[in-house]
Amino acid sequence: MTNEARRDFIKGGAAGIGLGALASMGIFSYSPARTLFMPDEVRKMKDFGAIKSVEVTNISETSWFDNSALMGDIKGAGGLLVDQYLFNWPPFGNGKGLAKGSYKEGMEKIKHLLPDKVDEAWEVTRALSVNPDNAGGYAALIEIERLNGEKKKYLLDCGWSYKWMHECFKREGIDKMLSSGEIDTLILSHEHFDHFWGLPVVLKYKPDIKIIIHEGFYPEGRQYIKDSGHKGELVVFKKGRNEIEPGVCTFCYDCPIISRVFGEQSIFVNVQDKGLVSITGCCHQGIITFSDSAYKELKYDNDQMYGIYGGLHISPFDDWDPKYDDLVIGLKKWDYQVMACNHCTGLLTVQKFAREGYPIVRGTARFRTKTTDYLGNGDKVKFG
């Protein structure tokens with residue numbers, strides 16, 4: 001059996017027994033059972049350097065606007081394990097209705113318009129897709145200040161809806177930063193629709209941007225990068241720690257995720273005199289696995305888990321389970337000093353964090369963000 005065949009077998013088997021759905025919700029990763037499969041390890045304490053500060057701008061954390069519409073589509077198409085490219089969501093609409101989608105057929109409708117005419121492409125796919133106006137997207141701007149005072153900007157993810165992400169990019173000046181070369185690297189956390197399918201909006205302004213992905217991307221995802229008009233370097237990181245620059249690394253996790261997606265990539269930053277800042281798209285690997293891997297693998301200032309930004313994927317649809325209360329309480333072990341949670345963390349989760357006294361960063365509830373309980377669209381947080 002080839003390595004590729006073996007990987008697909010593992011993925012398919014995991015999905016077949018439902019592990020994909022469990023892992024995607026982070027249930028196993030923080031259950032007591034996980035310790036049965038995790039031998040005691042000596043901390044490696046890998047020194048990966050330090051930076052002076054990091055500022056994160058929430059370009060958009062609103063992946064979709066109506067939970068019930070999204071879950072209705074998923075249920076109607078056959079459930080959480082259905083291939084995301086088959087839903088007939090934009091930009092891969094072929095006009096045949098829910099669960100009758102096709103990557104190839106959908107791309108044939110718009111490929112000739114990408115990436116320069118993304119607005120026109122969206123109008124085409126909008127007429128052929130299921131619930132196109134429910135699409136939003138997740139993306140964040142990460143600005144690193146190096147020890148010598150130089151600054152470097154990275155884009156984490158690129159959202160879903162061409163229309164929504166184009167508006168968000170213009171609102172935050174991302175379009176100009178891309179065009180001028182201020183942003184020359186896009187880090188994709190994982191292949192999910194709401195983090196990845198907005199790629200042509202990035203390429204409209206910088207087609208030669210460097211793109212970093214996890215090796216778990218499927219053939220459709222890799223083809224989409226090409227079909228969207230990418231002309232730059234594509235870097236494929238493997239499982240584990242991967243160097244970006246002194247003080248900044250990514251960590252790739254192998255985990256089966258709903259909608260036939262595999263693997264997630266998160267970012268760790270060591271802020272001098274403060275400690276570790278953890279930046280995540282969805283944290284499908286689970287917040288305990290996320291924190292635990294950093295603790296075991298990395299050396300960071302003051303041995304302090306200083307801050308966290310992004311989605312923690314605890315209760316994304318606010319369907320609370322009592323076992324999540326144990327997680328809320330147990331997370332105190334890591335003693336985070338700043339928590340800027342949003343996206344798939346879940347509103348109920350953030351509210352419970354606040355009641356437990358966690359240092360939650362509140363937002364301004366602008367640009368279609370519905371609450372100030374978490375860091376919303378257009379809000380910023382600085383660590384260091």
Side-chain angles (χ1 to χ4, degrees), residues 14-15 17-38 58 61-64 66-68 70-72 74-75 79-81 138 189-190 192 194-195 251 253 255-259 261 264 266 278-295 305 307-363 369-376:
I17 63 173
L19 181 57
L22 291 175
S24 73
M25 300 304 289
I27 293 175
F28 178 78
S29 66
Y30 61 79
S31 72
R34 60 185 273 279
T35 59
L36 298 175
F37 302 94
M38 297 179 64
N58 177 2
E61 61 83 33
T62 309
S63 285
W64 51 84
D66 187 324
N67 275 341
S68 61
L70 185 88
M71 291 308 297
I74 291 174
K75 183 177 180 180
L80 294 171
L81 300 184
Y138 174 98
S189 64
H190 61 301
H192 259 154
D194 53 323
H195 293 253
F251 209 95
Y253 302 85
C255 52
I257 310 173
I258 61 172
S259 305
V261 171
E264 179 155 351
S266 300
S278 307
I279 302 172
T280 176
C282 265
C283 204
H284 286 289
Q285 67 269 25
I287 182 60
I288 298 301
T289 294
F290 186 39
S291 301
D292 197 53
S293 59
Y295 175 77
M305 293 278 190
I308 194 166
Y309 174 86
L312 304 185
H313 219 281
I314 297 172
S315 180
F317 303 110
D318 293 326
D319 50 344
W320 196 258
D321 186 296
K323 68 170 69 71
Y324 301 158
D325 285 306
D326 293 333
L327 174 60
V328 170
I329 296 171
L331 199 61
K332 288 185 177 180
K333 167 186 176 181
W334 303 108
D335 193 28
Y336 284 105
Q337 303 297 296
V338 182
M339 296 180 67
C341 308
N342 53 25
H343 184 45
C344 58
T345 304
L347 177 57
L348 288 178
T349 306
V350 174
Q351 291 172 339
K352 284 176 177 283
F353 277 155
R355 286 197 289 271
E356 287 292 325
Y358 285 94
I360 296 296
V361 180
R362 294 173 64 86
T369 299
K370 297 179 180 179
T371 177
T372 60
D373 288 299
Y374 53 78
L375 208 69

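What you see below is based on every heavy atom in this structure, not just the backbone, and it leaves out hydrogens, waters and symmetry mates.
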Shortest non-hydrogen contact from [X] toward [Y]:
{"X": "Gly281", "Y": "Cys344", "value": "O-SG, 4.4 Å"}
{"X": "Trp320", "Y": "Lys352", "value": "CZ2-CD, 3.1 Å"}
{"X": "Glu264", "Y": "Cys283", "value": "OE2-N, 2.8 Å"}
{"X": "Tyr336", "Y": "Pro359", "value": "O-CG, 3.3 Å"}
{"X": "Asp319", "Y": "Tyr324", "value": "O-CE1, 3.7 Å"}
{"X": "Gly310", "Y": "Tyr138", "value": "CA-OH, 4.0 Å"}

Counting distance only, does the side-chain N/O of Asn342 pair as donor-acceptor with the main-chain N or O of Gly376 below 3.5 Å?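 Answer holds: no.
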Given 3.5 Å as the limit, does a donor-acceptor pair link the side chain of Thr345 with the main chain of Leu312, or not?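 Yes; at least one donor-acceptor contact below 3.5 Å.
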Tyr295 and Met305: side chain to side chain contact (heavy atoms under 4.5 Å, CB included), yes or no, with the steps? CA-CA 8 Å; Tyr295 175 77; Met305 293 278 190; 4.0 Å; yes
Can you measure from NZ (Lys75) to OG (Ser68) and round to the nearest 0.5 angstrom?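 Interatomic distance, Lys75 NZ to Ser68 OG, rounded to 0.5 Å: 12.0 Å.
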What residues, two or more places apart in sequence or in another chain, satisfy side chain to side chain donor-acceptor pair (under 3.5 Å) together with Thr280?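 By the side chain to side chain donor-acceptor pair (under 3.5 Å) rule, Thr280 matches no residue at all.
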Tell me if the NZ atom of Lys370 is crowded by more than 12 foreign heavy atoms within 6.0 Å.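 Atom NZ in Lys370 is not packed in, count stays at 12 or less.
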Would you please say whether a donor-acceptor pair under 3.5 Å links the side chains of Tyr253 and Ser293?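 Short answer, yes.
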Can you list the steps and then say if Asn58 with Tyr374 is a side chain to side chain contact (heavy atoms under 4.5 Å, CB included)? CA-CA 11 Å; Asn58 177 2; Tyr374 53 78; over 6 Å; no
Dump the intermediate steps for side chain to side chain contact (heavy atoms under 4.5 Å, CB included) on Leu347 and Thr371, then the final yes or no. CA-CA 9 Å; Leu347 177 57; Thr371 177; 3.9 Å; yes
Looking at His313, His195, Glu61, which hits side chain to side chain donor-acceptor pair (under 3.5 Å) with His343?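 Result for side chain to side chain donor-acceptor pair (under 3.5 Å) with His343: His195.
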Run through Gln337, Lys332, Lys333 and flag the one making a side chain to side chain donor-acceptor pair (under 3.5 Å) with Asp335.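 Going through Gln337, Lys332, Lys333 one by one, the side chain to side chain donor-acceptor pair (under 3.5 Å) with Asp335 is satisfied by Gln337 alone.
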Is there a side chain to side chain contact (heavy atoms under 4.5 Å, CB included) between Met339 and Val350 once you walk through the steps? CA-CA 10 Å; Met339 296 180 67; Val350 174; over 6 Å; no
